[in-house]
Amino acid sequence: MIMAGYIKVSVKKLPTQALNMQVNKSIFYDFKVKCKEKGLPLNVVIEVFMNQYANGKYHLDKKDILKWKEDGEETETLNSTFNKEIYTRFKSAVKKDRLFVKYVISAFIEDYSKNDLVMEFARMDGDKSD
């Protein structure tokens with residue numbers, strides 16, 4: 001078997017932040033299915049959302065966020081790492097809005113699962129593709 005690939009020679013490892021939280025099991029399942037259908041890792045989708053939320057480009061209705069406070073459904077653990085700078089800015093924006101990270105992420109996961117959202121990806125330095 002022949003394997004081909006490439007080696008990145010000038011990759012800078014960015015600091016990461018771990019996030020471990022409980023989310024509604026059925027919504028999380030739908031979210032994972034949607035990510036798989038689109039061929040996107042769930043941590044990348046959440047990180048892109050965090051970045052957009054922190055930059056004021058993604059808005060969620062407060063009633064959709066606050067409804068997760070009353071969630072008594074079965075849960076599953078979201079356990080992933082994210083770019084520390086993005087997570088810190090996201091957490092700060094959530095706090096400024098007087099909300100909790102858990103509820104904002106839960107509302108996003110539900111929104112992403114139910115709608116056909118287009119994620120905004122940043123182009124990396126040296127990427128020549130359009």
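Sequence positions, counted from 1, serve as the residue numbers for this chain.
For the atom pair OH of Tyr87 and OG of Ser92, the computed distance is 11.5 Å after rounding to the nearest 0.5 Å. For the atom pair Asp61 CG and Asp111 CG, the distance stands at 10.0 Å (nearest 0.5 Å). Atoms CZ and CD, from Phe82 and Glu47 in turn, are 7.0 Å apart once rounded to the nearest 0.5 Å. The CH2 atom of Trp68 lies 15.0 Å from the CG atom of Leu99; values are rounded to the nearest 0.5 Å. Atom CG in Asn83 sits 10.0 Å away from atom CE in Met50 (nearest 0.5 Å). Distance check, rounded to the nearest 0.5 Å: OG1 of Thr75 to CZ of Phe28 gives 10.5 Å.
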Next item on the list: Show your reasoning for whether side chain to side chain donor-acceptor pair (under 3.5 Å) applies to Gln22 and Thr77.
Entry: CA-CA 5 Å; Gln22 296 296 309; Thr77 303; 2.6 Å; yes

Item checked: Verdict with reasoning, Met21 to Phe100, per side chain to side chain contact (heavy atoms under 4.5 Å, CB included) -> CA-CA 12 Å; Met21 60 178 256; Phe100 291 97; over 6 Å; no

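Between the side chains of Asp97 and Tyr53, a donor-acceptor pair is found at a separation under 3.5 Å. For Ser26 and Asn24, the side-chain atoms include at least one donor-acceptor pair closer than 3.5 Å.
Annotation for Glu110 and Lys67: closest pair OE1-NZ, 2.9 Å, computed over non-hydrogen atoms. Minimum heavy-atom separation, Ala54 to Ala93: CA-CB, 4.0 Å. Among all heavy-atom pairs drawn from Val94 and Val101, the shortest one is CG1-N, 3.6 Å. When all heavy atoms are compared, the tightest approach of Ser113 to Lys34 is O-NZ, 3.7 Å. When all heavy atoms are compared, the tightest approach of Thr81 to Ala18 is CG2-CA, 4.0 Å. Between Asp64 and Ala107, the closest heavy-atom pair is O-CB, 3.7 Å.
A salt bridge between Glu76 and Lys32 is present, with a side-chain N of the basic residue lying under 4.0 Å from a carboxylate O of the acidic one.
The hydrophobic cluster containing Tyr58 also contains Leu66, counting ILVMFWY residues as joined when their side-chain heavy atoms lie under 4.5 angstrom apart, directly or transitively. Put simply, Val23 and Leu40 are part of the same group of oily side chains (I, L, V, M, F, W, Y) that touch within less than 4.5 Å, one to the next.
Thr88 places a side-chain N or O within 3.5 Å of a backbone atom of Lys84 that can act as its donor or acceptor partner. The main-chain N or O of Lys57 is never found under 3.5 Å from a side-chain atom of Asn55 such that the two would form a donor-acceptor pair.
Side-chain contact between Ile46 and Leu78: present, with at least one pair of heavy atoms (C-beta onward) separated by less than 4.5 Å. In this structure the side chain of Phe90 never reaches within 4.5 angstrom of the side chain of Asn51, judged on heavy atoms. A heavy-atom distance below 4.5 Å is not found between the side chains of Leu19 and Ser80. Put simply, the side chain of Tyr112 does not reach to within 4.5 Å of the side chain of Asp30, judged on heavy atoms.
In this pair, Phe49 and Phe108 present their aromatic rings parallel. The plane angle is below 30°, not in the 30 to 60° band.
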